[in-house]
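Okay, so here's the structure we're looking at.
By convention here, the first residue in the shown sequence is residue 1. Quick note: numbers below take in every heavy atom, side chains included, and nothing from hydrogens, waters or symmetry partners. Everything numeric here is computed off the predicted structure, so don't read it as measured data.
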Amino acid sequence: MPEAILGISAFYHDSAAALIVDGEIVAAAQEERFTRKKHDASFPRHAVAYVLEEGGLRLDDISAIAFYDKPYLKFERLLETYHSFAPRGLKSFLSAVPVWVKEKLFMRRMLHDELNKFGSACPKLLFPEHHLSHAASAFYPSPFSEAAILTVDGVGEWATTTIGVGRENGIEVLRELDFPHSLGLLYSAFTYYCGFKVNSGEYKLMGLAPYGSAGSPQVETWKRLILSELVDLRDDGSFLLNMDYFDYATGLTMCVDRQWENLFGLPRRDAETELNQNHMDLALAIQEVTEEIVLNLAQTAQELTSCDYLVMSGGVALNCVANGKLLKSGLFKDIWIQPASGDAGGALGAALAGWHIHLDKPRKSDGRDRMKGALLGPEYSSKEIFGVARRHIAPYRDYKDYDELCQDVAGLLAEGQVVGWFQGRMEYGPRALGNRSILGDARNPEMQKRLNLKIKYREGFRPFAPSVIEESVGEFFDLDRPSPYMLLVAPVRKERRTALPEEYDSLSLFERLYHPRSDVPAITHIDFSARIQSVNRETHPKYWQLIEAFRRHTGYGLIVNTSFNVRGEPIVCTPEDAYRCFMATGMDYLVMGDFLFAKKEQPQFADQDYWRHKYEMD
């Protein structure tokens, strides 16, 4: 029998399950994709059922189950924090502690109760620490036999940041920064203050930052205030936060609004209200402070380990702007970032820690990325796609030749059509990487506006990423290596940029946004950068073939890629999810497997506004 470990993250946010069989990552998926509840925190019973089915195993066949953190240690932190801040936090205490006393302190029993639904035998339960799970998810699938490890997030049990080293099948934690001093929570506090949703809107704050006036007196003043009043930053990247300004330790909000308004002279923005230059400048100030802290931490990691390579995980590792600057710094020969760096990835890390550390299994280290392109979720057959078409009486064309399908879709994209693209196994992690994607022509100056406002129904300033075949990366971007998981930002090459008018900096946000900045304006951000996904022919053959067909048609080996969902909705999982999203948005065509659906040929769809009443805006 094969030897297998099941990894689980649950009960906080972004629940997920992952399966390791004989050391190989077989399957992994977030629960939200099945339940259609964004950031679903419930026990991942659908995800567990899926990974077991994908592995052809029953629960009885599993050697051990690894949960991604230590609940008792987390409860200890909770109690000590309330004690330290008392009498502050009584309302939060009365809200949080009864849940722990009633449920979470009995995590073993909760897990046993849930797992009993899958079989009578319950394997041994393992509880690696939260940041060890992050470290394992970063190091073990990476192509490096030895690497420095940096994990940065909100908080696990106590740790908010760790520096470690991985060698062969072992991980050693060398330094740790503990709660309440947290870079992730600092960034979330600014997310909250700028009117975005915590644990969801951080990437919006990152996307807003380039609209700030770099080097302006206001941005520089606010950076000085952050580093003098909010953050006591040391040269090694460690820091202390001034907790007089923050409420997250024992309160119900992220920061003390009155204190922040006095400090910045700017009231907290209410959600969905107008963004002005002050919000853009504040976003840029905290982004630049974040980059400084990450660079300092990476410098310390290099000094402590003398490693040539760095791996990263934790929610802050999804800050692709900081990652791009870290790569450009030359501190390491290369970096590798776990594509599911948030809590969902903890399920995979817990399973890998169980395999390599608890079971002391050797690690294959041949210089290859073991994440399989993060294409680890469920796949659906032509029969299942046909069933959806028949249920909706949906006309389609069934292609017998995949190359012909790619040629036709490339032509549609070149004409300015927007195409939903549903192929193969669903992605694991927050990025759509070409299997559950909405695609467009990066050359089209209207594409960003159309995708944001008519397809995704989200804020107009939000940027889009290019998918570029690996062979063409250097043709478009100042990047000398692959970026398969859309986790690096790099500049668009200077010869592709267009000149800006003299009055450009004084224009409004949207006047600047919609001014073409290069010959691929839909993916060129306002600072001439782009968040790049390179597409490898071997890892991602079908998606590569489509983009190559577009290159042959237009001379451009890249397209716009955004996740297949509307605002507030998890990325689509099933053919039914995809067809419903297609019909409720301004997409022109939908490709599922070998089936092509044209919007103009479809029957009227009954629930055009399903997303408005079903999903909370993120």
Side-chain angles (χ1 to χ4, degrees), residues 129-132 134-135 137-139 146-166 171-191 202 205-206 209 222-243 245-246 248 284-338 341-342 487-489:
E129 286 191 30
H130 184 96
H131 274 260
L132 178 59
H134 277 320
S137 78
F139 176 60
E146 178 178 297
I149 306 171
L150 179 60
T151 69
V152 191
D153 69 359
V155 63
E157 296 87 3
W158 277 104
T160 64
T161 300
T162 67
I163 294 172
V165 62
I171 289 175
E172 180 183 3
V173 176
L174 304 173
R175 295 280 177 86
E176 180 177 303
L177 182 66
D178 286 344
F179 186 84
H181 310 293
S182 164
L183 180 56
L185 292 173
L186 172 66
Y187 203 83
S188 290
F190 279 85
T191 300
E202 284 77 6
L205 190 71
M206 182 181 67
W222 281 350
K223 283 169 60 180
R224 284 196 298 272
L225 287 173
I226 293 169
L227 290 171
S228 63
E229 300 298 324
L230 299 184
V231 183
D232 180 6
L233 176 62
R234 316 296 167 82
D235 290 341
D236 64 357
S238 64
F239 58 88
L240 298 175
L241 297 183
N242 182 350
M243 296 308 296
Y245 285 89
F246 298 93
Y248 60 76
L284 178 58
I286 188 56
Q287 176 64 33
E288 291 186 354
V289 168
T290 298
E291 291 163 10
E292 181 179 352
I293 294 172
V294 169
L295 284 168
N296 287 2
L297 289 168
Q299 175 73 51
T300 300
Q302 204 286 323
E303 292 171 357
L304 288 173
T305 66
S306 299
C307 289
D308 291 330
Y309 302 101
L310 174 71
V311 297
M312 298 173 65
S313 190
V316 176
L318 295 171
N319 191 308
C320 52
V321 179
N323 296 341
K325 293 186 178 178
L326 174 54
L327 180 65
K328 190 177 180 180
S329 73
L331 283 169
F332 294 91
K333 289 182 179 178
D334 205 357
I335 63 176
W336 189 89
I337 303 148
Q338 166 55 240
S341 273
L487 288 171
L488 293 174
V489 162

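Inter-residue side-chain proximity for Val321 and Glu291 is flagged as met; some heavy-atom pair is nearer than 4.5 Å. Within the 4.5 Å cutoff, the side chain of Asp232 has no heavy atoms near those of the Asn242 side chain. A 4.5 Å side-chain heavy-atom check between Leu186 and Val231 finds at least one atom pair inside the cut-off. For the pair Val165 and Ile171, the minimum side-chain heavy-atom distance is 4.5 Å or more. With contacts defined as side-chain heavy-atom distances shorter than 4.5 Å, the pair Ile337/Asn323 qualifies. When side chains are defined from C-beta on, Val316 does not count as touching Tyr187, because their heavy atoms never get closer than 4.5 Å. Inter-residue side-chain proximity for Leu327 and Leu488 is flagged as met; some heavy-atom pair is nearer than 4.5 Å. Contact annotation: the side chain of Leu233 never approaches that of Leu240 to less than 4.5 Å [non-hydrogen atoms, C-beta and beyond].
Nearest heavy-atom pair, Ala209 versus Leu284, reported as atom, atom and distance to 0.1 Å: O-CB, 3.4 Å. Summarising the geometry of Thr300 relative to Gly237, their closest heavy-atom pair is OG1-N, 4.4 Å, with the distance given to 0.1 Å. For the pair Leu150 and Val294, the tightest heavy-atom approach, listed with the atom from each and the gap, is CD2-O, 4.5 Å. Nearest approach of Asp153 to Gly314, heavy atoms of both residues: CB-CA, 4.0 Å. Taking both residues in full, the closest heavy atoms of Ala298 and Leu310 are given as CB-CD2, 4.4 Å, listed atom of the first, atom of the second, then distance. Between Ala317 and Leu487, the shortest heavy-atom contact is O-CD2, 4.4 Å.
Ser329 places a side-chain N or O within donor-acceptor distance of the main-chain N or O of Leu326, the cut-off being under 3.5 Å. Side chain of His131 to main chain of Ala159: a donor-acceptor pair is present (N/O by atom type, distance under 3.5 Å, no hydrogens or angles). Tyr248 places a side-chain N or O within donor-acceptor distance of the main-chain N or O of Pro180, the cut-off being under 3.5 Å. The backbone N or O of Arg234 lies less than 3.5 Å from no partner atom in the side chain of Ser238, so there is not a single donor-acceptor pair. Without hydrogens or angle criteria, Ser182 side chain to Gly154 main chain gives a donor-acceptor distance under 3.5 Å. Distance alone, capped at 3.5 Å, is enough to place a donor-acceptor pair between the Gln338 side chain and the Ser137 backbone. Between the side chain of Glu157 and the backbone N or O of His130, at least one donor-acceptor pair lies under 3.5 Å. With hydrogens and angles ignored, the 3.5 Å screen pairs a side-chain donor or acceptor of Thr160 with a backbone N or O of His181. Side chain of Ser341 to backbone of Gly315: no donor-acceptor contact under 3.5 angstrom is found.
In this structure, a donor-acceptor pair under 3.5 Å is present between the side chains of Ser188 and Glu202. Residues Asp236 and Gln299 bring no donor and acceptor atom of their side chains to less than 3.5 Å of each other.
One distance of note links CG of Leu183 with CG of Leu177; it measures 9.0 Å at 0.5 Å rounding. In this structure, the separation between CG on Leu205 and OG1 on Thr191 is 4.5 Å, given to the nearest 0.5 Å. Atoms NE2 and OG1, on His134 and Thr161 in that order, are 10.5 Å from each other to the nearest 0.5 Å. Separation of atoms OG1 (Thr290) and NZ (Lys325) is listed at 11.0 Å; rounding is to 0.5 Å.
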> side chain to side chain donor-acceptor pair (under 3.5 Å) between Thr151 and Thr162: does it pass, once the steps are laid out?
Replying inline: CA-CA 5 Å; Thr151 69; Thr162 67; 2.5 Å; yes
> Can Ile163 and Leu304 be said to form a side chain to side chain contact (heavy atoms under 4.5 Å, CB included), step by step?
Replying inline: CA-CA 9 Å; Ile163 294 172; Leu304 288 173; 4.0 Å; yes
> Given Ile286 and Trp222, is the side chain to side chain contact (heavy atoms under 4.5 Å, CB included) satisfied, shown in steps?
Replying inline: CA-CA 8 Å; Ile286 188 56; Trp222 281 350; over 6 Å; no
>> Before you tell me yes or no, could you show the steps for Phe332 and Gln302 under side chain to side chain contact (heavy atoms under 4.5 Å, CB included), namely the whole-Å CA-CA distance, both residues' side-chain angles and the distance that decides it to 0.1 Å?
In response: CA-CA 8 Å; Phe332 294 91; Gln302 204 286 323; 3.5 Å; yes
>> Run the side chain to side chain contact (heavy atoms under 4.5 Å, CB included) test on Glu172 and Leu174 for me, step by step, so that the C-alpha distance in whole Å, both residues' side-chain angles and the decisive distance to 0.1 Å come before the verdict.
In response: CA-CA 6 Å; Glu172 180 183 3; Leu174 304 173; 3.6 Å; yes
> Do Asn319 and Gln287 pass the side chain to side chain donor-acceptor pair (under 3.5 Å) test, and can you show the C-alpha distance, the side-chain angles, and the key distance before you say yes or no?
Replying inline: CA-CA 9 Å; Asn319 191 308; Gln287 176 64 33; 3.0 Å; yes
